[in-house]
Amino acid sequence: MYKKICFLVAMEAEALPLIEHFKLRDLQGFFGPEMPMKAHAGRFNDLEISLVTNGKDDRYQIDNIGSQPAAVSTLLAIRHFNPELVINAGTAGGFRERGIQIGDVIIAQGKAWFHDRRIPIPAFSEYGLGGYPLPDHSALIRELGLKAGTISTGNAFDFTEQDRAIMDSLQADIKDMEAASVAWICHLYNTPLLIIKSVTDYVSLQHPSEEEFILNFELANFRLKEALSSVVNYINSQ
Ligand code: ADE
């Protein structure tokens, strides 16, 4: 079905297992000197695979996470690689009360939302929520025994009371910092998108999510790579 896919991954540590597994080569300086984003590419069976990370912040030497780098990365990735499918892969916080467990790998279904773009002006409130429709991946989800869920994106690792109320009203299962931004650019270019996230921490006031994130990152990352290997084999077999 798809012959050209592009992984969009925010953090280098999330991307490394994929770069190794799919034996992707480093396209040094691919986006020019101004852009921190990094590109890798290669072939895997019948598939042409590219992978774009957000790169590092030059002042703090940490990954450029969040919705702004995600939009720029997605734009660069689509314009340079022209993929038939974008796969946004990474980690997310999960809502335990909706049955999500640490280490679960979730494929986002329904719509991709934002929970922190609150603009209480007619029409802008709907715009703020994003709500970009996602392709139906139910056959893949069933075949690979993965979980489907609703994703909401915001630029804070934690959340305010208002964020929480919006995520509850959206029935969000997982929360990340990039997906809806990626979905916006994919929507503009009419490029199919698959969002796949592994859960590192619970979205709750009782647990300090940042400690859980660090503790569970390795496990979640391993599960993400395993799931993506199955996803790519599935795509290759279609
Ligand atoms: N990525 C991993 N955990 C997260 C959380 N709790 N919020 C946003 N992004 C995350």
Side-chain angles (χ1 to χ4, degrees), residues 7-18 53-57 60 62-74 87-108 111-118 128-130 132 134 146-147 149-184 193-228:
F7 289 115
L8 278 165
V9 187
M11 298 176 74
E12 188 180 288
E14 292 166 336
L16 282 175
L18 305 176
T53 58
N54 291 349
K56 303 279 180 196
D57 180 283
Y60 303 108
I62 45 89
D63 297 298
N64 285 312
I65 58 174
S67 68
Q68 291 146 299
V72 176
S73 285
T74 312
I87 299 181
N88 175 220
T91 54
F95 287 80
R96 190 181 221 162
E97 57 274 46
R98 290 197 256 288
I100 305 296
Q101 303 280 319
I102 283 173
D104 278 354
V105 177
I106 312 287
I107 297 204
K111 295 178 177 177
W113 303 98
F114 286 111
H115 54 260
D116 63 355
R117 303 200 315 179
R118 294 178 297 275
L129 287 168
Y132 305 102
L134 298 169
L146 296 170
K147 282 191 178 178
T150 299
I151 193 160
S152 186
T153 297
N155 268 314
F157 188 83
D158 61 6
F159 55 91
T160 65
E161 242 173 72
Q162 284 163 304
D163 292 342
R164 176 74 211 212
I166 292 170
M167 288 189 283
D168 283 344
S169 74
L170 299 170
Q171 299 266 329
D173 296 294
I174 51 172
K175 159 184 182 289
D176 86 329
M177 298 175 71
E178 285 89 17
S181 252
V182 175
W184 174 49
L193 169 64
L194 188 148
I195 298 167
I196 180 166
K197 303 273 160 162
S198 62
V199 174
T200 45
D201 53 273
Y202 292 121
V203 181
S204 94
L205 287 176
Q206 282 81 46
H207 304 256
S209 294
E210 54 281 9
E211 280 172 27
E212 279 183 351
F213 175 82
I214 293 164
L215 199 67
N216 299 314
F217 186 78
E218 214 173 307
L219 165 79
N221 224 13
F222 175 76
R223 296 255 178 97
L224 181 66
K225 187 212 64 182
E226 294 285 291
L228 276 168

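Counting starts at 1 for both ligands and their atoms, in listed order.
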Can you tell me how far apart CG (N216) and CD (E211) are? Round to the nearest 0.5 Å. 11.0 Å
For the residue pair I166 and L129, establish whether any side-chain heavy-atom pair is separated by less than 4.5 Å. yes
Suppose we measure from atom 6 (N) of ligand 1 to each protein heavy atom; which comes out shortest, and what is that distance? D201 OD2, 2.7 Å
How many angstroms lie between NZ in K147 and CG in D104, if you round to the nearest 0.5 Å? 3.5 Å
If you scan protein heavy atoms around atom 2 (C) of ligand 1, the nearest is T200 OG1, 3.3 Å
Ligand 1 and G93, any nitrogen or oxygen pair closer than 3.5 angstrom? yes
Which atoms of ligand 1 have any heavy atom of D176 under 4.0 Å away? 8 (C), 9 (N)
To check your reading of the model: name the closest protein heavy atom to atom 7 (N) of ligand 1, its residue, and the distance in Å. K175 NZ, 2.7 Å
From T91, N221, T53, residue fulfilling side chain to side chain donor-acceptor pair (under 3.5 Å) relative to E14: T91
Can T153 and D176 be counted as having a side-chain donor-acceptor contact under 3.5 angstrom? yes
